[in-house]
Asks: 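A single structure is presented below for examination.
Computed from heavy atoms alone, side chains included, the values below leave out hydrogens, waters and symmetry copies. For ligands, and for the atoms within them, numbers begin at 1 and follow the listed sequence. It should be emphasised that the depicted structure is a prediction, and the values quoted were computed from it without experimental measurement.
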Amino acid sequence: MLERLERLPTDPILGLMSLYRADTDPRKVDLGVGVYRDDQGRTPVLSSVRRAEQTVLSRQDTKSYVAAAGNAGFNQAMARLVLGEGHPALAADRVRSIQAPGGCGSLRLGAELFRSAQPDMVIHVSTPTWANHVPLMSGCGLKLERYPYYDPASGGVKFDAMLGTLDRLPARSAVLLHASCHNPTGADLSEAQWRELLDLFKRRTLLPFIDIAYQGLGTGLAEDAFGIRLFCAELPEVAVAVSCSKNFGLYRERTGCLHVISESPKAGDAILSHLVRIARSIYSMPPDHGAAIVHEILGDPALREQWIDELAGMRKRMTGLRHEFVKQLARSCPQRDFRFIAAQRGMFSFLGVDTPQVHALREQHHVYMTDDSRINIAGLSADNLDYVAQAVAQVLRN
Ligand code: LMR
């Protein structure tokens, strides 16, 4: 029976990792997978993570199971990190959290929860959205539809078109939003736009599912969670999927959690019972190590401060690279305006070249990015900025 299966195309993001590794050209540049890199192109273990890890390992005296919902201390610390200390939803005991294997695990748990609550639910995602949102949401049977989001002409958000579409949705539709550092476009909502969106969600009784995978890598820890904090204070129900892959650099440790804000502690307890059952039916319990590290960092004032400094270092490097890249592009491609790259936030931007030009960049210049021309800003460095800008100029000329 299994031999009938046909080979599938490789994942649009992960497939690039193997192509890049196989390329032996010394000039190669990896702007593909969304992993932070330093100026030497490395993805180092953060010093705060290294220190916390040593403490965690020296204290560990068992490998027995932790708990169905994972590490309770981690879940609580993450709820406070995302919502902010003293948030009204925390004070009212309206938040329930479950640790999950990375941001993907959290997103899938949320999608499965929505499907259990309302089997015919439709979830609306931005155009474009992170490629893996599509299988994560639709893989459990949720129907997926799209709302307008990115405006290639301005490099910003098509906010009126977004509002127009969301304003026509039936009540109780779910909408997937990016908290900040929108993947793949880098175009974020302003605070005023979040407020306007909130009115619409209230008026239309929509259910927000907010993905936060880059807290602290855009503008700051509080600023990057502005929309979440607002929505969770003002709406009866919100789901928030959190990843610790990027801001703690814990990619391979698969560390994340799902927070669900509901109307009452009783409703929250019922929701959590479903989440635990769903997790049990997929992977039973999440891995411990990454969550134990994050719990240690967030609970120790000195480690926390060190982590916040390291996070600020990553953020500043990417913001600086955005400005430098725009300068280099202005020199090499004066006919085209790339200033939108400096106005955007986080790890990604669309370069705005077409797929044949993306392939020419890969095949002729060994510069790797996804076919939609998404670039990982952190893959740029003082050594390759000029090379990449020249390569872009060449493909635009041809
Ligand atoms: C990305 O968008 O490149 C990252 O989030 C990695 C991934 O799993 O796709």
Asks: Can you see whether S349 engages R322 through a side-chain donor-acceptor pair at a distance of less than 3.5 angstrom?
Replies: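 Side-chain D/A pair, S349 to R322: present.
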Asks: Protein residues near ligand 1, heavy-atom distance below 4.0 Å?
Replies: I13, V33, G34, W130, N183, Y214, K246, F348, R374
Asks: Would R374 pass as a cation-pi partner of F350, given that its NZ or CZ must be under 6.0 Å from the six-membered ring centre and within 45 degrees of the axis?
Replies: no
Asks: Between R203 and D167, is there a side-chain N and carboxylate O pair less than 4.0 Å apart?
Replies: yes
Asks: I need the single residue from T185, D211, T129 that forms a side-chain hydrogen bond (donor to acceptor under 3.5 Å, both in side chains) with H178. Which is it?
Replies: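 Checked T185, D211, T129 against H178; only one passes side-chain hydrogen bond (donor to acceptor under 3.5 Å, both in side chains): T129.
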Asks: Using a 3.5 Å cut-off and no angle test, enumerate the donor-acceptor pairs between side-chain atoms of residues 22-33 and protein atoms at least two apart in sequence or in another chain.
Replies:
from	atom 1	to	atom 2	distance (Å)
D23	OD1	D25	N	2.8
D23	OD1	H366	ND1	3.3
D23	OD2	H366	ND1	2.8
D23	OD2	Y368	OH	2.6
D25	OD1	R27	N	2.8
D25	OD1	R27	NE	3.0
D25	OD2	R27	NH2	3.0
D25	OD2	H366	NE2	3.2
K28	NZ	Y20	O	3.0
K28	NZ	D23	O	2.9
D30	OD1	G32	N	2.9
D30	OD2	R37	NH2	2.8

Asks: Do the side chains of M347 and Y214 get nearer than 4.5 Å, heavy atoms only?
Replies: yes
